[in-house]
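Working notes, structure below.
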2 protein chains.
Amino acid sequence: MKVTIKDIAKEANVSITTVSLIINDKGQRFSEETHARVKTAIAKLDYQPHYFAKNLNKTKSNTIGFIVSEITNPFFAELAKVIEDVLVEQGYLVLLCNSSSDREREERYVDEMLYRFVDGVFLAGTVSDNAHLLEKLKKRKVPYILLDRPSEYSQTNGIFIDDFAGGVEATNYLITHQHQAIGCITANEHFSNIHQRAQGYLAAMASQGNTPVVEIADEVNEYSGYQLAGKLLDKGVSAIFACSDIMAFGVYKAAAERGFKIPEDLSVIGFDDINLTHFMLPPLTTITQPTKAIGEHAARQMLEMIETGNLVVPNTVLDIALKTRSSVIVKQS
Amino acid sequence: MKVTIKDIAKEANVSITTVSLIINDKGQRFSEETHARVKTAIAKLDYQPHYFAKNLNKTKSNTIGFIVSEITNPFFAELAKVIEDVLVEQGYLVLLCNSSSDREREERYVDEMLYRFVDGVFLAGTVSDNAHLLEKLKKRKVPYILLDRPSEYSQTNGIFIDDFAGGVEATNYLITHQHQAIGCITANEHFSNIHQRAQGYLAAMASQGNTPVVEIADEVNEYSGYQLAGKLLDKGVSAIFACSDIMAFGVYKAAAERGFKIPEDLSVIGFDDINLTHFMLPPLTTITQPTKAIGEHAARQMLEMIETGNLVVPNTVLDIALKTRSSVIVKQS
DNA sequence: TTGAAAGCGCTAACAC
DNA sequence: GTGTTAGCGCTTTCAA
């Protein structure tokens with residue numbers, strides 16, 4: 001049988017009230033000796049409070065949900081890791097769930113999390129058309145934070161970067177290296193942030209009078225990058241902007257298969273700056289997302305919301321930066 | 001206020017017992033009409049059972065813990081994803097926690113999971129010296145399954161591959177390609193499975209009378225692979241066996257920096273067969289772990305243990321296979 | 001300083 | 001077929 005507060009009370013020869021108060025640090029009024037007796041009993045019987053009983057008429061679980069669209073994408077794995085590190089440090093447990101970008105799964109997870117009384121929810125890379133999810137969270141007064149992908153529905157509680165500006169910067173970098181036939185690999189509008197990066201590309205191309213060549217994927221991974229890069233290469237581009245580093249892996253492969261060398265025959269720029277970009281050959285020039293800062297800021301905001309009961313926090317846009325490595329050079333004539 | 005079973009009872013004009021039984025599919029004895037009334041009331045009031053109350057005098061939570069040593073390692077991310085897919089399908093929620101190979105974190109997670117009454121725990125890549133963790137789980141009669149890394153302490157409940165044989169096979173493959181100066185990049189004995197792969201390498205080398213050259217890392221990632229590959233290359237090896245694909249990324253980089261081409265100047269073989277190996281240049285020859293089969297088998301075993309209450313399941317060793325791609329060729333003289 | 005007792009929402013044994 | 005009621009382990013109000 002599990003040891004209960006009753007057993008402790010009996011062992012220490014006090015009432016259960018006394019035990020409860022002392023356990024929860026509300027027992028200042030008790031004598032030193034009572035404290036000691038209770039502590040000893042707890043240690044002796046190896047008592048652990050009962051999670052369900054303790055929370056029965058509470059509304060806190062010390063658990064925070066984290067819904068991520070694709071855990072095998074290193075960017076998300078790195079982000080989740082940073083956030084978990086901070087939250088665990090603060091005494092929370094993170095309930096990390098992978099949705100594989102599936103709407104139904106996302107909703108299911110939100111329901112299950114609310115059912116389990118999570119104290120907050122992070123939504124990383126979930127579908128942008130998520131009014132129903134946010135509505136549920138608001139109704140239950142559970143704080144949430146949106147990461148990576150803005151929601152059409154929420155103008156607050158998000159931590160993002162300026163994807164459009166990043167797209168412009170990446171494209172301009174290629175343009176300043178004399179590239180004109182620049183292709184772009186992006187994803188459909190459900191991936192709103194990645195879509196925005198392509199919008200930045202389009203704007204930068206337009207301002208130079210360059211003709212854009214965009215390929216749009218329905219998934220963001222190495223394979224889709226590979227497929228679309230092939231199409232672009234067949235169209236004769238001299239540079240490619242891959243709106244996600246993971247897609248850039250596919251670009252490298254497609255180029256290699258066609259005998260194109262990077263950067264001599266093809267310049268490539270990515271977006272995200274995942275750890276692996278250092279290990280691509282050549283190392284990928286990319287737009288850096290401050291993953292650590294995003295995660296830490298997100299965790300802090302969440303803790304603050306939980307603490308204050310405030311459910312709204314203004315959107316934050318963190319700075320990106322161009323990370324120059326070796327995959328882009330001046331166009332060879 | 002949250003809607004409770006009482007409200008439903010009142011609305012439907014029945015007792016709370018009736019509601020409870022019908023909700024839990026134990027209400028065969030009630031009339032069609034009663035069923036309907038209760039269902040209508042539930043829908044009308046948008047009733048949801050109370051997680052803590054429901055489980056208060058139960059011992060099930062419909063939640064399964066998953067402790068992983070390094071979620072940013074694609075192998076683990078892929079494995080976790082497969083398992084979660086199966087388990088979610090079966091009505092469970094997976095509590096995925098990343099320990100960063102930290103003993104304290106692992107223990108903390110086990111405690112928190114037990115506190116939350118998880119129905120089972122997966123331990124993927126956790127420290128091999130984990131008697132204390134398994135002891136806790138056994139004491140609470142919570143089924144567990146060990147993945148990736150065997151425990152010195154448990155001869156059951158594991159799903160592994162034959163790491164030693166894999167090491168032998170990888171090494172022999174290099175040997176049959178005329179390589180003699182073969183280096184090996186592995187990790188310290190805390191990573192028991194990876195360590196075993198190196199043992200296989202040593203055996204294969206010894207049986208040929210070749211002199212082994214082993215470098216041992218304290219972490220398994222791209223960086224450690226890079227560091228150690230540098231050392232091996234400086235010692236003049238013509239082939240490298242990287243005991244983990246993620247480390248092979250580092251080998252590629254170290255080789256490139258020294259002007260060594262793969263496979264012409266250096267043959268490389270990896271282990272795991274993560275998705276990204278297809279995208280390495282050249283694609284990495286490696287030992288395939290049947291990630292999908294491992295995950296599905298693990299999930300099935302877990303469900304069976306939960307269902308039957310049986311806490312022991314024999315170890316399973318799944319088959320590996322050599323996956324030939326383009327990073328190994330016959331040694332050039 | 002301490003304790004008795006009500007109540008959180010639900011399940012299940014038992015009664016009708 | 002249906003309802004009453006006693007808990008599950010803990011927190012908290014109120015009394016002493």
Side-chain angles (χ1 to χ4, degrees), chain A residues 1-42 45-63 111-112 114-117 119 140-141, chain B residues 1-42 45-63 111-112 114-117 119 140-141:
Chain A
M1 283 310 330
K2 199 173 169 351
V3 178
T4 75
I5 203 173
K6 236 179 182 164
D7 302 315
I8 303 300
K10 195 177 293 171
E11 176 75 25
N13 237 300
V14 294
S15 75
I16 58 170
T17 309
T18 307
V19 178
S20 173
L21 291 173
I22 289 180
I23 285 173
N24 294 295
D25 283 329
K26 294 178 184 163
Q28 301 83 336
R29 42 170 148 154
F30 298 111
S31 70
E32 280 284 310
E33 202 239 324
T34 307
H35 269 92
R37 280 221 308 283
V38 170
K39 296 248 165 86
T40 314
I42 288 176
L45 302 185
D46 188 25
Y47 168 76
Q48 295 226 263
H50 190 293
Y51 181 65
F52 295 136
K54 188 177 178 89
N55 293 293
L56 183 53
N57 42 9
K58 283 241 173 11
T59 171
K60 248 204 123 191
S61 65
N62 274 289
T63 308
D111 289 341
E112 295 273 16
L114 288 176
Y115 177 46
R116 286 165 176 75
F117 291 88
D119 300 331
R140 279 280 300 271
K141 301 200 195 309
Chain B
M1 282 309 332
K2 199 172 170 350
V3 178
T4 76
I5 202 173
K6 237 178 179 166
D7 301 315
I8 303 300
K10 193 177 294 171
E11 175 76 25
N13 237 302
V14 294
S15 76
I16 58 170
T17 309
T18 307
V19 178
S20 173
L21 290 173
I22 289 181
I23 285 173
N24 294 296
D25 282 330
K26 294 177 184 164
Q28 300 84 338
R29 43 171 146 155
F30 297 110
S31 69
E32 279 285 310
E33 202 238 325
T34 308
H35 268 93
R37 279 221 309 284
V38 170
K39 296 247 165 85
T40 313
I42 288 176
L45 302 185
D46 189 25
Y47 168 77
Q48 295 227 264
H50 190 293
Y51 181 65
F52 296 135
K54 189 178 177 91
N55 293 294
L56 183 54
N57 41 9
K58 283 241 172 7
T59 170
K60 248 203 122 193
S61 65
N62 275 288
T63 309
D111 288 342
E112 295 273 17
L114 288 176
Y115 177 47
R116 285 166 176 75
F117 290 88
D119 299 331
R140 279 279 302 271
K141 301 199 194 310

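Worth knowing before you read on, the calculation uses all heavy atoms, side chains too, and leaves out hydrogens, waters and symmetry mates. All chains are named by letter (A, B, ...) in the order of the sequence lines, taking the proteins before the strands, and each is independently numbered beginning at 1.
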Quiz item: Taking atom P of dG9(D) as reference, at what distance in whole Å does atom CZ of F52(A) sit?
Solution: 13 Å
Practice problem: Send over the distance from Y51(A) OH to dG9(D) C1', rounded to a whole Å. | Solution: 15 Å
Practice problem: Specify the separation, in whole Å, of atom CD1 of I22(B) and atom C1' of dC10(C). | Solution: 15 Å
Quiz item: Rounded to the nearest 0.5 Å, how far does CG of L114(A) lie from CD of Q48(B)?
Solution: 8.0 Å
Practice problem: State which of dT11(D), dG9(C), dT12(D) makes the closest approach to the side chain of L21(A). | Solution: dT12(D)
Quiz item: Would you find a donor on one side and an acceptor on the other, under 3.5 Å apart, between the side chain of R116(A) and the backbone of S61(B)?
Solution: yes
Practice problem: Describe the nucleic acid contact of T4(A) in one word from base, sugar-phosphate, nothing, applying a heavy-atom distance below 4.0 Å. | Solution: sugar-phosphate
Quiz item: For the side chain of R29(A), counting heavy atoms from C-beta on, which of dT1(C), dC10(C), dG1(D) is nearest?
Solution: dT1(C)
Quiz item: Could you state the CD1-P distance from I5(A) to dT2(C), rounded to the nearest angstrom?
Solution: 16 Å
Quiz item: Between F30(A) and H50(B), which is nearer to the 5' end of DNA chain C once each is assigned its nearest nucleotide?
Solution: F30(A)
Quiz item: I16(B) has an atom CD1; how far is it from atom P of dG7(D), in whole Å?
Solution: 15 Å
Practice problem: Round to a whole Å and report the spacing from CG of N55(B) to C1' of dC8(C). | Solution: 14 Å
Quiz prompt | Position toward the 5' end of DNA chain C (nearest nucleotide), S20(B) or N57(A) | solution = N57(A)
Quiz prompt | Pair of N/O donor and acceptor under 3.5 Å linking dA4(C) base with T17(A) side chain | solution = yes
Quiz item: Is the shortest side-chain N/O distance from K26(A) to OP1 or OP2 of dT12(D) below 4.0 Å?
Solution: yes
Quiz item: With respect to the phosphate group of dC10(C), does any side-chain polar atom (N or O) of K6(B) fall under 4.0 Å of OP1 or OP2?
Solution: no
Practice problem: Would you tell me if any nitrogen or oxygen in the side chain of T34(B) comes within less than 4.0 Å of OP1 or OP2 on dT2(D)? | Solution: yes
Self-check item: Whether F117(A) and F52(B) hold their rings parallel, tilted or perpendicular, with breakpoints at 30° and 60°
Solution: parallel
Quiz item: For dT11(D), does either OP1 or OP2 sit under 4.0 Å from a side-chain N or O belonging to K58(A)?
Solution: no
Self-check item: Protein-nucleotide distance (N24(B), atom CG; dC10(C), atom C1'), rounded to Å
Solution: 9 Å
Quiz item: Rounded to the nearest 0.5 Å, how far apart are CG of D46(A) and CG of D7(A)?
Solution: 12.0 Å
Exercise. Figure out the CG/C1' separation between D25(A) and dT11(D), and round it to whole Å.
Key: 15 Å
Quiz item: Between atom CG of L56(A) and atom NZ of K58(A), what is the distance when rounded to the nearest 0.5 Å?
Solution: 9.5 Å
Quiz prompt | Side-chain N or O of T18(B) closer than 4.0 Å to phosphate OP1/OP2 of dG3(D) | solution = yes
